[in-house]
Amino acid sequence: MEKYNPQKVEAKWQEVWEKTKIYQTDLASDKPKFYNLIMFPYPSGDYLHMGHAYSDMGADVYGRYKALNGFNIFMPIGYDAFGLPAENFAISKGIHPKKSTAENISHAEKQLKTWGCQFDFSREVTTSEPNYYKWTQWLFLQLYKQGLAYQKESPVNWCPKCMTVLANEQVINGLCERCDTEVVQKNMKQWFFKITDYADRLIKDLDKVDWPESSVTKQRNWIGRSEGVEMDMQIADSKEKFSVFTTRIDTVYGMTYVVLAPEHPLVDKITTDKQKKEVEKYKIQAQKQTEIERQSLEKDKTGVFTGSYAINPFNGEKVPIWIADYVLFGYGTGAVMAVPAHDERDYEFAKKYNLPIVQSIAPVVWGLGNAKFREGGKTIVRPQVAVIVKHWAKDEYICLDWEKFGWKSFVIGGIDEGEKSEETAVREMREETGYQNVKSIRKIGGTIVNKYYAAHKGRNTIAPQDAYLIELEDGEQAKTEKEHTKFHKFEWVPKKNVQKYLTLENHIVAWEETEEEHAFTGYGELVNSKEFDGLTSEEAKKKMAEWLEKKKSGKTQVNYRLHDWSIGRQRYWGAPIPIVYCPKCGVVSVPEKDLPVELPEKIKDFRPKGTGKGPLASVKEFVEATCPKCGGKAERETDTMDTFVCSSFYYMRYPSVGNDKEMMEPNVTKKWLPVDMYVGGAEHVTMHLLYARFIAKSLHDARLINFDEPFLKMRHQGMILGPDGKKMSKSKGNVVIPDAVIREHGADTFRTYILFMGRFEDGGPWDPKGIVGIKRFLEKAWGLYDKEIVDNEPSVEETRILNKTIKKVGEDIDALRFNTAISQLMVFVNFLSSQKTQNKKTLEILSIMLAPFAPHMAEELWEKLSGKDSISLEVWPKYDKNLIKDETVTVAVQINGKVREQLIINIEAEENDVLELAKASEKVKKYVEGKEIKKVIYVKGKLLSLVVS
RNA sequence: GCCGCGGUGGCGGAAUUGGUAUACGCGCUAGUCUUAGGAACUAGUUCCUUAACGGGAUUGGGAGUUCGAGUCUCCCCCGCGGCACCA
């Protein structure tokens with residue numbers, strides 16, 4: 001056989017595959033189906049890049065493995081061709097997007113055909129073709145029928161450069177996903193899909209899918225479900241009211257003001273004349289800001305008092321109403337109750353504007369050895385103080401060491417009947433330390449509820465604790481009474497050691513508060529909350545919600561971060577929205593039989609205008625329409641649809657490509673959907689994947705399909721970085737194009753190498769040097785078929801390694817651990833190449849195992865070896881687990897945890913035999929002689945651990 | 001700030017339930033072949049120490065549990081990804 005020439009071999013087999021149509025799936029076959037989907041590429045003008053290759057090749061190896069295991073694989077391919085990037089590319093080149101898109105697609109297809117993937121090119125879709133976007137429009141109509149497509153006037157994201165509206169998902173850190181321009185908010189009438197109706201199911205059904213945990217979490221966070229209550233608030237001396245949304249109704253007694261978003265419609269009505277000027281100024285200022293400025297965290301909180309007050313329904317107290325841009329109009333009710341004591345943002349705001357801070361939740365600390373309350377014990381309440389005493393000259397603090405009890409604390413004491421806690425603090429300090437003169441005293445944080453079971457008194461104790469920081473004036477010290485000091489001694493502890501010194505949790509909490517004051521945002525027990533005092537936050541949430549509901553001034557409410565999907569685009573290159581506006585009948589949908597509403601090819605200028613209307617508005621022939629209802633003159637909608645609408649159902653269309661009557665052929669759809677495995681980038685989790693799930697659910701509810709989760713199993717490929725370890729980009733000059741690698745080394749080498757580099761789900765830097773290792777490996781494998789091939793019984797050793805390899809390679813591919821599968825194949829090939837003659841059966845199996853990674857080469861070797869038809873018609877070999885076991889194993893002997901000897905033993909050897917062998921070993925003797933073996937642990941076939949002393 | 005993931009030789013990376021850390025590949029070193037080689041092949045290669053046998057150290061740092069920890073627990077440091085005033 002001649003030397004391995006990948007270019008020649010690959011050209012040959014690609015031709016054969018094309019001619020025999022071996023990868024055109026027979027969708028009607030009886031074999032079990034396996035829908036192996038990759039995310040279809042977006043041909044925007046650049047080459048398909050490393051990321052495409054990596055993803056597709058990984059998916060293909062997996063698919064080929066499944067095929068060899070008896071599945072009928074369907075791996076379709078298509079092009080996501082509408083949308084901003086394709087259009088922007090065309091604009092930059094000054095050509096019509098239809099033309100540039102066609103060129104890009106033909107280029108991409110050429111590339112794809114060299115990759116050695118089992119793509120079924122016979123069922124290609126191109127989303128910008130009328131025979132496809134007819135179904136995009138059809139989909140719109142289905143949603144419209146269900147009331148899931150609607151128009152509303154609302155603030156939307158507007159990209160000034162792309163001159164179009166964007167969905168929330170397409171705004172990344174306040175920048176346009178495509179051109180990195182700062183997005184501004186505009187009030188516009190727009191088409192939306194009501195994805196929020198499905199928010200709960202989109203969360204709940206994540207339990208049904210086998211997806212990476214991180215992606216499930218990302219979607220969950222993106223949807224952002226939060227449970228709380230909506231509470232009505234009456235405006236003082238007015239009939240007006242509004243509601244606030246809060247997840248922490250338990251903190252309601254700590255409310256000291258409320259905040260409305262500047263856009264809140266009530267603002268104008270309630271602003272007093274005196275405040276009008278300032279409020280107006282603030283509103284204008286807020287409106288001018290871009291999202292980035294508004295969301296900037298460095299920015300100080302700002303706000304303006306409206307002059308009006310609202311009434312807290314729980315205690316009837318009046319609280320001032322402010323407006324501030326830290327409250328978002330688009331979330332909840334656009335109004336919040338502010339509880340500075342228990343919310344960081346409110347705290348910051350209150351500090352800045354000198355608004356009162358009232359504690360209503362006290363943290364609960366189980367003190368004194370964490371002893372929980374005991375049943376039947378008497379429970380008493382004993383308020384106390386903790387006193388942090390600071391030295392008059394040094395940065396040191398008095399700490400007490402209660403030797404008998406093992407506590408270390410600050411000065412501590414009970415508040416006597418009728419005594420103020422501040423007085424207690426001073427009194428206790430004097431009694432216990434003798435120091436007399438207070439320079440300053442300051443309360444630290446809020447009340448902390450300390451609970452413990454006092455064993456010596458046999459009772460449960462609740463001890464609300466106030467903490468004070470006392471700074472001493474000087475060192476004047478009186479003699480202390482013994483009764484106060486008999487259990488502890490005191491010492492001065494430098495500041496940096498205090499934290500470590502303390503053992504009582506409640507004192508540690510108090511100490512932390514001296515450093516930096518902040519809101520306590522955790523759960524605890526209610527204080528200052530009238531009849532709700534003493535409840536836990538959890539209990540209070542329930543009781544308070546019930547209280548509100550009974551009073552009919554509130555209800556429990558679930559809110560989502562997710563917004564409805566804004567789908568209209570004021571751009572040319574997209575599927576027209578199939579709607580006409582009739583002066584008589586109003587908004588009328590185009591009947592299904594009239595689809596597609598074709599995108600006019602002839603247009604003077606397809607560039608966006610930025611007027612809020614798309615370029616289609618300038619095409620008279622397009623705009624002018626007849627009303628499908630009354631036959632009168634009407635006007636077409638001129639917005640086109642977001643590309644993500646096109647890509648939300650393409651996988652449903654593939655099996656029915658060719659059918660012009662139905663989007664989905666019922667039988668084929670029933671058989672082939674949902675998708676069994678979906679491989680693609682993680683960057684689509686909160687866009688495409690979320691939209692596709694929503695669309696599937698809506699069609700399911702319309703009884704058009706019988707599944708409601710489109711992608712049962714999904715995995716992401718990692719990112720291939722440039723050789724410098726940075727993300728590939730033209731500006732950095734570190735882009736490696738897959739075609740160049742394929743031309744030089746061949747697709748088989750490329751596939752195997754890129755999958756060998758690291759974990760598929762991790763990706764990593766492209767190292768051009770390493771590829772020779774794979775080349776050597778494939779050449780070495782190729783060379784085996786040149787050796788003397790005999791048809792005999794393979795050796796025991798060969799059988800063992802063969803069976804091991806079958807097991808590991810199969811299991812690894814199944815789990816997408818391609819790198820370790822390849823490494824095992826290397827071990828196997830290295831073993832075989834050390835042998836003079838090769839066993840025919842072994843080489844047959846090797847070819848099959850190589851086939852997923854190096855399909856062209858495997859075909860060639862298979863043809864030479866067996867003379868049979870394509871290797872992809874073969875069956876993945878079975879292994880015999882009995883043949884994997886080694887007869888002898890090396891057992892490590894550990895002495896006190898260190899490996900001192902290795903023994904070769906029979907795998908069946910028992911502990912005693914191994915121990916005897918070990919004792920006989922010189923090396924072991926050295927460590928054991930004259931000592932006592934205290935413990936022996938034997939892990940069968942692995943190691944013997946001896947503990948000696 | 002919050003959520004998620006990760007940190008292992010010179011490099012990419014292996015390591016079922018805790019059980020011989022560094023598989024496989026690159027690179028490097030020596031050798032073979034060669035007019036030559038940035039080709040191929042063979043052998044070696046975690047680090048320190050030793051002529052060698054051997055000994056010691058080692059999975060970001062520190063503590064802990066265990067006969068035994070890359071793997072489990074706690075604290076800290078660093079990197080990556082996502083979210084980011086969501087009430």
Side-chain angles (χ1 to χ4, degrees), chain A residues 172-174 212-222 224-226 228 244-249 251 258-259 261 294-297 299 301 324-328 330-339 342-346 348-349 521 559-563 682-683 685-686 718-719 725 752-753 756-759 761-762 764-777 779-780 811 817 819-830 833 889-903 923 926 934-948:
Chain A
I172 316 285
N173 294 328
E213 198 46 50
S214 62
S215 302
V216 169
T217 309
K218 255 186 227 171
Q219 281 210 350
R220 227 176 245 135
N221 292 343
W222 183 264
R225 184 193 151 95
S226 71
V244 294
F245 174 73
T246 177
T247 56
R248 291 298 303 273
I249 191 65
T251 66
V258 298
V259 189
R294 179 162 175 166
Q295 293 185 359
S296 161
L297 265 192
K299 202 188 73 171
K301 291 210 170 13
D325 65 5
Y326 80 90
V327 172
L328 307 173
Y331 184 78
T333 58
V336 302
M337 65 175 212
V339 185
H342 304 297
D343 182 280
E344 304 271 8
R345 296 153 299 175
D346 298 344
E348 195 192 316
F349 193 80
T521 57
N559 268 329
Y560 303 93
R561 214 194 68 107
L562 182 74
H563 285 50
E683 67 274 17
V685 167
T686 53
M719 193 188 285
T752 312
Y753 180 58
F756 177 67
M757 290 195 322
R759 275 183 39 186
E761 279 152 288
D762 286 353
W766 173 262
D767 174 7
K769 280 187 296 195
I771 202 163
V772 304
I774 295 296
K775 216 170 162 187
R776 283 177 200 151
F777 159 64
E779 276 168 3
K780 200 187 269 185
E811 287 173 356
R817 290 189 301 251
N819 53 337
T820 50
I822 294 164
S823 108
Q824 180 62 35
L825 285 169
M826 286 172 168
V827 171
F828 186 46
V829 167
N830 288 343
S833 75
V889 283
T890 312
V891 162
V893 182
Q894 281 184 0
I895 295 158
N896 289 345
K898 286 203 186 277
V899 178
R900 297 298 183 185
E901 171 67 303
Q902 316 227 342
L903 300 172
K923 284 182 191 164
K926 214 166 95 186
K934 284 189 149 176
K935 198 167 181 181
V936 179
I937 293 141
Y938 180 59
V939 182
K940 199 170 173 185
K942 288 228 164 108
L943 101 172
L944 180 74
S945 182
L946 304 179
V947 185
V948 292

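Atoms considered below: every heavy atom in the structure, side chains included; atoms not considered: hydrogens, waters and symmetry mates. Within every chain, numbering begins at 1; the chains are lettered A, B, ... in the order of the sequence lines, protein sequences first and strands thereafter.
Here Arg776(A) reaches the OP1 or OP2 of rC26(B): one of its side-chain N or O atoms lies under 4.0 Å away. Within the 4.0 Å cut-off from OP1 or OP2 of rG56(B), at least one side-chain nitrogen or oxygen of Arg900(A) is found. Taking only side-chain nitrogens and oxygens, Asn830(A) comes nearer than 4.0 Å to OP1 or OP2 of rG25(B). Between Lys898(A) and rA57(B) there is a side-chain polar atom (N or O) within less than 4.0 angstrom of OP1 or OP2.
Side-chain atoms of Lys301(A) come within donor-acceptor range of the base of rC85(B), with a qualifying N/O pair under 3.5 Å.
Arg561(A) has its CZ atom 16 Å from the P atom of rC3(B), to the nearest Å. In this structure, Glu761(A) places its CD atom 15 Å from C1' of rG81(B), rounding to the nearest Å. One can place CG of Leu943(A) at 12 Å from P of rA69(B), the figure rounded to the nearest angstrom. Look at CH2 on Trp766(A): it is 14 Å from C1' on rG25(B), rounded to the nearest Å.
Contacts of Val939(A) with the nucleic acid, taken as non-hydrogen atoms under 4.0 Å apart, include base atoms. Counting any heavy atom pair closer than 4.0 Å across all strands shown, Ser945(A) reaches a base atom.
Taking 4.5 Å as the limit, every side-chain heavy atom of Asp767(A) sits out of range of all side-chain heavy atoms of Met757(A). Val947(A) places a side-chain heavy atom less than 4.5 Å from the side chain of Asn896(A).
Distance alone, capped at 3.5 Å, places no donor-acceptor pair between the Arg759(A) side chain and the Gly718(A) backbone.
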Would you mind building the protein contact string for nucleotides 4-13 of chain B? One character per nucleotide, 5' to 3', B for base within reach (heavy atoms under 4.0 Å), S for sugar-phosphate only, - for untouched.
S-------BS
